[in-house]
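Protein chains get the first letters and strands the later ones, always in sequence-line order, with residue 1 at the start of each.
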Amino acid sequence: MTDPSLRCPILHVDMDAFYASVATRDRPDLHDRPVIVGGGSRGVVLSASYAARLHGVRSAMPMTRARRMCPHAVVLAPDFELLGQVSAAVMECFRRVTPLVEALSLDEAFLDVRGAARRLGTPLEIAEQLRATIHDEQGITCSVGVAAVVSVAKLASRRAKPDGVLVVPPEEITSFLHPLDVGELWGVGEKTRAMLHRLGLVTVGDVAHIPLRTLQRAVGAGLGSHLHELAWGTDRRVVTARRGPDEPDRSMGADETFDRDTDDREVVLRELLRLSARVTGRMRVAGVAGRTVTLKLRFADFTTITRSRTLPEGTDVTQEVYRTAVRLYDALGLQRARLRLVGVRVEGLVPRETVQRQLVLGEREHGWSEADRAVDRAARRFGSAAVRPASLLS
DNA sequence: TCTGGGGTCCTAGGACCC
DNA sequence: TCTGGGGTCCTAGGACCC
């Protein structure tokens, strides 16, 4: 019998309930219990065990609602250090199969196994080997979608969950895709789904069969042709092992939701300083600088605005980012507006050594830059909690 | 006590330059 | 007196992903 995966070199591997599985893998007492991994009082569900999902708990649901739905659930905080370690080990396991590994997040990746056939077998056999290895080495399960097209493999892994494999051969792509709700497509979220439904386009098949021009008039040229390709499983996206040291992130940012909404300028500025320090600290570790500073504010009614300013030169200096954020904040002239969240992001990142500091700024900024490096050194020796700007000492 | 925190990409208008 | 286009940069917002 021929293996249906023979013309399906793309694997999408997705850990099952990753955060919850990692949190409970050394806790046999919790294995069949509803477990929710999530943040603090105003947080959302990051991951729910399958026992918790039986009660309707889902990722991204407010924690308050999740607790109401499942009062006896065990609630755990995420351990990002551990999650990062498990993720790195899993990705390493993928790279033993092929160098063409594209990590999408901590817990999922595309693999192009075209070159591994001679060594390891068919894509389906490789998928099963990977699942067994990850289970043995990491004590967690995963699901794998196998297809000839990236976007189809992605949907197939979801259908395979939990702890399964689904192969969608080329001749079965349309019969697999077309009955699905349009909201299942990768890139179609709540808003686009609602818009398509309003147009009478409910299933992927509906989107596939509407004339491209009509679709483009309704949703725009770019999204229209993209949706058409997704609906026919003809997108040409390839698996690229990327984001090496030579390709930095495009932006870095940090934001924080207050425990309670605030209209106190002092509280806001203190938070902006802490966020600026966090972001620029990460930038210095990564060796990047950026020119555009963006301030993000979310008000009590959840409306969100951004204000940005592009500097003449890239920077990784805490005080420079902080001062820019404060200027943007003050320029808004808010009068007792209650803020729920503030954020700071630096965009347009480039390797730091490509930045030419202007001489005119050199004198003043040099001092702050030196201060940052001293803080970084101290943080490495004593931990980041030991070193912080004086105004953050309470 | 509804709604986190980290990102990416796209669109659209205005400024500015040629 | 009447109004071209193309390209790039900047800003703001929004959709989406995990």
Next item on the list: Nearest whole angstrom, please: distance from the C1' of B:dG4 to the CG of A:Leu106.
Entry: 15 Å
Notebook entry, point to check: Between C:dC10, C:dC18, C:dG13, which one does the side chain of A:Thr306 approach most closely?
Noted result: C:dG13
Checklist line | Residue A:Pro62, side-chain heavy atoms: nucleotide from C:dA12, B:dT3, C:dC16 that is nearest | finding: B:dT3
Check: Using the P atom in both, what is the distance from C:dG4 to B:dG14, to the nearest Å?
Finding: 15 Å
Next item on the list: Can you tell me the distance, in whole Å, between the CD atom of A:Glu102 and the P atom of B:dG7?
Entry: 18 Å
Next item on the list: Verify the ring-centre separation between A:His228 and A:His209: is it less than 6.0 angstrom?
Entry: no
Item checked: Watson-Crick or G-U counterpart of B:dC18, or none if no pair lies under 3.5 Å -> C:dG5
Margin query: Considering every strand and a 4.0 Å limit on heavy-atom distances, what is the contact class for A:Thr294: base, sugar-phosphate, or nothing?
Written below: nothing
Next item on the list: Look at all strands and tell whether A:Lys296 reaches a base, only sugar-phosphate, or nothing, counting heavy atoms closer than 4.0 Å.
Entry: nothing
Item checked: Rounded distance (Å) that lies between atom C1' of C:dG14 and atom CE of A:Met195 -> 12 Å
Checklist line | A:Ala254 vs A:Ser41, nearer the 5' end of DNA chain B by closest nucleotide | finding: A:Ser41
Next item on the list: Give the rounded distance in Å between these two atoms: CG of A:Leu339 and P of B:dT3.
Entry: 15 Å
Check: Could you give the CG-to-P distance, from A:Leu223 to C:dC16, as a whole number of Å?
Finding: 9 Å
Checklist line | Side-chain touch A:Arg33/A:Arg27, heavy atoms, less than 4.5 angstrom | finding: no
Next item on the list: Check whether any side-chain heavy atom of A:Thr262 lies under 4.5 Å from a side-chain heavy atom of A:Arg340, and answer yes or no.
Entry: no
Notebook entry, point to check: With sugar-phosphate meaning primed atoms plus P, OP1 and OP2, does A:Leu46 contact a base, only sugar-phosphate, or nothing at under 4.0 Å between heavy atoms?
Noted result: base
Check: Between A:Phe110 (CZ) and C:dC18 (P), how many Å, whole number?
Finding: 10 Å
Notebook entry, point to check: Below 4.0 angstrom from OP1 or OP2 of B:dG5, is there any side-chain N or O of A:Arg278?
Noted result: no
Next item on the list: Determine the contact category for A:Arg309: base if any of its heavy atoms lies under 4.0 Å from a base atom, sugar-phosphate if only primed atoms, P, OP1 or OP2 are that close, otherwise nothing.
Entry: sugar-phosphate
Notebook entry, point to check: Quick one: is A:Arg340 getting a side-chain N or O under 4.0 Å of the B:dT3 phosphate, OP1 or OP2?
Noted result: yes
Check: From B:dT3, C:dG13, C:dC18, pick the nucleotide closest to the side chain of A:Ile305?
Finding: C:dG13
Next item on the list: Can you figure out which of C:dC18, B:dG7, C:dA12 approaches the side chain of A:Ser251 most closely?
Entry: B:dG7
Notebook entry, point to check: Within the structure shown, what part of the strands sits under 4.0 Å from A:Met61 by heavy-atom distance: base, sugar-phosphate, or nothing?
Noted result: nothing
Next item on the list: Would you mind classifying the nucleic acid contact of A:Arg68 as base, sugar-phosphate or nothing, using non-hydrogen atoms under 4.0 angstrom?
Entry: nothing
Next item on the list: Find the distance A:Arg250:CZ to B:dC10:P and express it as a whole number of Å.
Entry: 10 Å
Check: OP1 or OP2 of B:dG7 sitting under 4.0 Å from any side-chain N/O of A:Arg282?
Finding: yes
Note to self: Both conditions, 6.0 Å and 45 degrees, for the charged tip of A:Arg260 above the ring of A:Phe258: are they met here?
What the structure shows: no
Next item on the list: Using the aromatic ring of A:Trp186 (for Trp, its six-membered ring), decide whether it stacks on the base of C:dC17 within the limits of 5.5 Å and 30°.
Entry: no
Checklist line | Distance below 4.0 Å between A:Arg193 side-chain N/O and C:dC16 OP1 or OP2 | finding: no
Notebook entry, point to check: Starting at the 5' end of DNA chain B and moving along, which residue's nearest nucleotide shows up first, A:Thr64 or A:Met252?
Noted result: A:Thr64
Notebook entry, point to check: Do A:Val321 and A:Thr315 come within less than 4.5 Å of each other through their side chains, counting heavy atoms only?
Noted result: yes
Notebook entry, point to check: Which is true for A:Leu185 with a 4.0 Å heavy-atom rule: it touches a base, it touches only sugar-phosphate, or it touches nothing?
Noted result: sugar-phosphate
Notebook entry, point to check: Choosing from B:dG5, C:dA15, B:dG7, which nucleotide comes nearest the side chain of A:Thr192?
Noted result: C:dA15
Margin query: Using a heavy-atom cut-off of 4.0 Å across all strands, would you classify A:Arg67 as base, sugar-phosphate, or nothing?
Written below: nothing
Next item on the list: For A:Leu104, answer base if it contacts any base atom (sugar-phosphate contacts may also be present), sugar-phosphate if it contacts only those atoms, and nothing otherwise; contact means non-hydrogen atoms under 4.0 Å.
Entry: nothing
Check: Of the nucleotides B:dG6, C:dG13, B:dC2, which one has an atom closest to the side chain of A:Arg307?
Finding: C:dG13
Item checked: Nucleotide of C:dA12, C:dC18, B:dT8 approaching A:Ser308 most closely (side-chain heavy atoms) -> C:dA12
Checklist line | Interatomic distance where CD belongs to A:Glu108 and C1' belongs to C:dC16 [whole Å] | finding: 13 Å
Check: Hey, mind stepping through A:Trp186 and A:His226 against ring-ring contact (aromatic ring centres under 6.0 Å, His included) and telling me if it holds?
Finding: CA-CA 10 Å; A:Trp186 192 26; A:His226 182 57; 8.6 Å; no
Margin query: Quick check against the 3.5 Å criterion: does A:Glu108 have a side-chain atom that pairs as donor or acceptor with the backbone of A:Met15?
Written below: no
Notebook entry, point to check: Across the strands shown, which category fits A:Gly253 at heavy-atom distances under 4.0 angstrom: base, sugar-phosphate, nothing?
Noted result: sugar-phosphate
Next item on the list: Check whether any side-chain N or O of A:Thr310 sits under 4.0 Å from OP1 or OP2 of C:dT11, and answer yes or no.
Entry: yes
Check: Would you call A:Asp181 and A:Arg193 a salt bridge, taking side-chain N to carboxylate O under 4.0 Å as the test?
Finding: yes
